[in-house]
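Along the sequence shown, residues are numbered consecutively beginning with 1. These numbers come from a predicted model, not from an experiment.
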Amino acid sequence: MVRITAEPSRHRVGVWRELRKAGALSLGQGVWAVPDLPAFAAGVERAAVLVGRADGEATVLEAAGRGPADAARLESLFNAARQADWAEFVADCGKFEAEVAKEIRIEKFTLAELEEEEQSLERLRRWHRDLTVRDVFGTPEGSHASARLKECVAVCEDYAERVFRALHETVGDER
């Protein structure tokens, strides 16, 4: 439970971002939930530190539903949040593939462009790793996202081969 002053808003926004990044689920005004697992502890702690810096109050509780229906409802809400995360990730995989396809279409086979695409792929890998840790109930979308990441890796490897082939052809032409 988080209580923080309305102004300046940057404190509320910072706490909100940290909790979202940690995979927390907003249950209402200032009330957040995460499964009681080590993967979430650091994010909750970082949020609590931010609340403290803003002279707010953070109360961290262990809670359980009053019955199986409550636990099922929380799991369902948590899975819905992860499904939305995975959908965003898959959409970004599509953007990555479109970007590489554009570079191939215009024959932009430079080391600088390859490095940029490799950095984008690494960002996708980190994001996938973070989402996998937070997807503790194993939504089906996680498997689909893993397959999409593998496709992105293959696209990047193909692009790298094209870049190196073009560079070697250029060097051969200069001889």
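Atoms CD and CD, on Glu117 and Glu113 in that order, are 4.5 Å from each other to the nearest 0.5 Å. One finds the CD1 atom of Ile104 at 4.0 Å from the CZ atom of Arg162 (value rounded to the nearest 0.5 Å). Rounded to the nearest 0.5 Å, atoms CG (Asn79) and CG (Leu77) are 9.5 Å apart. Here Leu131 contributes atom CG and Leu124 contributes atom CG; the two are 10.5 Å apart, rounded to the nearest 0.5 Å. For the atom pair CD of Glu103 and CG of Leu114, the computed distance is 10.5 Å after rounding to the nearest 0.5 Å. Put simply, CD on Gln83 and CD on Glu88 are 14.5 Å apart, with the number rounded to the nearest 0.5 Å.
Taking hydrophobic clusters as Ile, Leu, Val, Met, Phe, Trp and Tyr residues chained together by side-chain heavy-atom distances below 4.5 Å, Val100 does not share a cluster with Ile106. Hydrophobic cluster membership is shared by Leu25 and Met1, with clusters built from Ile, Leu, Val, Met, Phe, Trp and Tyr side chains linked at under 4.5 angstrom. Each of Val133 and Val90 belongs to its own hydrophobic cluster when Ile, Leu, Val, Met, Phe, Trp and Tyr are linked at side-chain heavy-atom distances under 4.5 angstrom. Residues Val49 and Ile4 are members of separate hydrophobic clusters, defined by side-chain heavy-atom contacts under 4.5 angstrom among Ile, Leu, Val, Met, Phe, Trp and Tyr. Neither Leu19 nor Val13 shares a network with the other; the hydrophobic side chains, linked directly or stepwise wherever heavy atoms of I, L, V, M, F, W or Y lie under 4.5 Å apart, form separate groups for each.
Ion pairing between Lys21 and Asp130 fails under the 4.0 Å rule for side-chain N and carboxylate O.
More than 12 heavy atoms of other residues, nucleotides or ligands sit less than 6.0 Å from atom CH2 of Trp127. Other residues, nucleotides and ligands place more than 12 heavy atoms under 6.0 Å from the CZ atom of Arg123.
A 4.5 Å side-chain heavy-atom check between Trp32 and Arg20 finds at least one atom pair inside the cut-off. By the 4.5 Å heavy-atom criterion applied to side chains, Ser26 and Trp16 are not counted as neighbours. Between Leu121 and Val153, some side-chain heavy-atom pair lies under the 4.5 Å cut-off. Considering only heavy atoms from C-beta on, Cys93 stays 4.5 Å or farther from Glu151 through its side chain. Looking at heavy atoms from C-beta onward, Leu111 lies in side-chain contact with Leu167 at the 4.5 angstrom threshold. Using a 4.5 Å cut-off on side-chain heavy atoms (C-beta onward), Gln119 and Glu115 make contact. Here the side chains of Tyr159 and Phe164 are not in contact, with every heavy-atom distance at 4.5 Å or above. Contact check for Val2 versus Glu57: no side-chain heavy atoms found under the 4.5 Å cut-off.
The minimum heavy-atom distance between Val51 and Arg3, with the atom names listed, is CG1-O, 4.1 Å. Across all non-hydrogen atoms, the minimal contact from Glu18 to Ala47 is CG-N, 3.8 Å. In this structure, Phe96 and Cys152 approach most closely via the heavy-atom pair CE2-O, 3.5 Å. Among all heavy-atom pairs drawn from Leu27 and Ala33, the shortest one is CD1-CB, 3.6 Å.
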*Applying salt bridge (charged side-chain N to carboxylate O under 4.0 Å, His left out), run through Lys95 and Asp92 and close with a yes or a no.*
CA-CA 5 Å; Lys95 291 176 187 174; Asp92 270 24; 3.6 Å; yes
*Determine, step by step, whether Ser120 and Glu99 satisfy the side chain to side chain contact (heavy atoms under 4.5 Å, CB included) criterion, reporting the C-alpha distance in whole Å, the side-chain angles of both residues, the deciding distance to 0.1 Å, and the verdict.*
CA-CA 10 Å; Ser120 294; Glu99 171 65 22; over 6 Å; no
*Test side chain to side chain contact (heavy atoms under 4.5 Å, CB included) on Thr110 and Val163 and set out the steps.*
CA-CA 6 Å; Thr110 66; Val163 168; 5.9 Å; no
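A donor-acceptor pair shorter than 3.5 Å cannot be found between the side chains of Thr5 and His11.
Side-chain rings of Phe78 and Phe40 approach one another, their centers coming within less than 6.0 Å.
A donor-acceptor pair is defined here as one N or O able to donate and one able to accept, closer than 3.5 Å; such a pair exists between the side chain of Arg82 and the backbone of Gly23. Of the possible donor and acceptor atoms, none in the side chain of Thr139 sits under 3.5 Å from a partner among the backbone N and O of Asp135.
Between Phe89 and His128, the angle of the ring planes lies from 30° to 60°, which puts this pair in the tilted group.
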